[in-house]
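See below for the structure under consideration.
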Amino acid sequence: MSSESDRQLSMEELRRRNMQKPPAETLHPTAEEWQRLTAALTVMGELLTEQMILLEKIAARPKPWATQEQMAELIREAREIHRLLEQAGKKRERRFSLPTIRLPRPSPEWLLIPAVLVGLLALWYGWAARWNGLTTLLP
């Protein structure tokens, strides 16, 4: 039974909703209200343009904070300026320096050179000893 009462109530509700309502009268603003509305809109427009101008000025200003890279660059520039100022008060010193001589870097192949020389020296000494021995045998 409850489903029938729900169905009846819903049908009654639908009938109530579907009933045609009389058209409501549309209210139009009077001339004084139009003047007040247009005056309020013009004031709001002026305020909006002022705010836009202020925002553009704020956006155009340089930012007061700096990034780490900017700070490092400023420190480098300050050191360079300080160095130049210290140097400006002093007489120029003449410096003379010899050109740097770059020696070759040793490599594992270089270790072969002394070994080969020692081997040749031993071979030469051995030949000399044999020659001396042969010369004593021969009249």
Side-chain angles (χ1 to χ4, degrees):
M1 289 258 191
S2 65
S3 63
E4 290 178 19
S5 64
D6 288 342
R7 192 177 299 160
Q8 286 177 356
L9 288 177
S10 63
M11 291 297 279
E12 288 176 11
E13 188 178 341
L14 286 174
R15 284 183 193 150
R16 244 185 301 136
R17 288 184 183 176
N18 287 331
M19 287 179 61
Q20 290 185 352
K21 295 181 181 177
E25 292 182 21
T26 56
L27 299 175
H28 296 289
T30 62
E32 293 174 8
E33 290 174 343
W34 273 113
Q35 287 177 351
R36 275 189 270 139
L37 285 172
T38 55
L41 283 174
T42 53
V43 168
M44 286 175 61
E46 291 171 0
L47 287 174
L48 183 63
T49 55
E50 288 176 12
Q51 285 181 349
M52 291 301 291
I53 291 170
L54 286 174
L55 283 174
E56 288 174 359
K57 286 181 182 177
I58 290 171
R61 286 186 192 165
K63 293 183 174 63
W65 59 88
T67 61
Q68 291 288 353
E69 295 85 21
Q70 290 172 336
M71 291 299 291
E73 182 65 27
L74 288 174
I75 289 170
R76 273 187 250 118
E77 289 177 5
R79 284 182 184 154
E80 182 66 21
I81 291 171
H82 184 68
R83 187 187 63 78
L84 290 173
L85 287 175
E86 283 181 353
Q87 188 180 9
K90 296 179 182 178
K91 290 183 179 179
R92 283 193 166 174
E93 297 176 4
R94 293 187 182 219
R95 294 185 181 182
F96 177 76
S97 61
L98 293 172
T100 57
I101 300 171
R102 295 189 183 203
L103 297 174
R105 295 183 182 236
S107 64
E109 292 85 22
W110 284 51
L111 294 175
L112 292 176
I113 294 173
V116 168
L117 290 176
V118 168
L120 288 174
L121 181 65
L123 188 63
W124 185 39
Y125 181 74
W127 282 345
R130 286 186 192 130
W131 181 259
N132 283 338
L134 284 177
T135 55
T136 56
L137 292 176
L138 295 173

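Computed from a predicted structure; not experimentally measured.
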Interatomic distance, [X] atom [atom1] to [Y] atom [atom2] [nearest 0.5 angstrom]:
{"X": "Asn132", "Y": "Leu137", "atom1": "CG", "atom2": "CG", "value": "11.0 Å"}
{"X": "Glu56", "Y": "Met52", "atom1": "CD", "atom2": "CE", "value": "5.5 Å"}
{"X": "Trp34", "Y": "His28", "atom1": "CH2", "atom2": "NE2", "value": "10.0 Å"}
{"X": "Leu55", "Y": "Leu48", "atom1": "CG", "atom2": "CG", "value": "9.5 Å"}

query = Does the side chain of Gln51 come within less than 4.5 Å of Leu47's, by heavy atoms?
reply =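 No, every pair of side-chain atoms sits at 4.5 Å or beyond.
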query = Is the closest side-chain heavy-atom distance between Leu117 and Ile113 below 4.5 Å?
reply =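 Yes, close enough: below the 4.5 Å cut-off.
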message = Under 4.5 Å side-chain heavy-atom separation, chaining through any Ile, Leu, Val, Met, Phe, Trp or Tyr, what else clusters with Leu120? Say none if it is isolated.
response =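 ILVMFWY cluster around Leu120 also holds Val116.
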request  = Considering only Ile, Leu, Val, Met, Phe, Trp and Tyr, and joining two whenever side-chain heavy atoms are under 4.5 Å apart, list the other residues clustered with Leu112.
outcome  =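 Grouped by the 4.5 Å side-chain rule, Leu112 forms a cluster of one, so the answer is none.
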ask   = Quick one: does Glu33's side chain have a donor or acceptor within less than 3.5 Å of a partner on Thr30's backbone?
value =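 Side chain of Glu33 to backbone of Thr30, a donor-acceptor pair under 3.5 Å: yes, one is there.
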query = Nearest heavy-atom pair of Thr136 and Gly133: which atoms, and what distance?
reply =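 That would be OG1-O, 2.7 Å.
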request  = For atom CG of Leu27, decide whether the heavy atoms of other residues, nucleotides or ligands shown that lie under 6.0 angstrom number more than 12.
outcome  =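 No, not enclosed.
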inquiry  = Can you tell me which residue among Glu73, Arg79, Glu77 is in a side chain to side chain contact (heavy atoms under 4.5 Å, CB included) with Ile75?
reply    =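 Among the candidates, only Arg79 passes.
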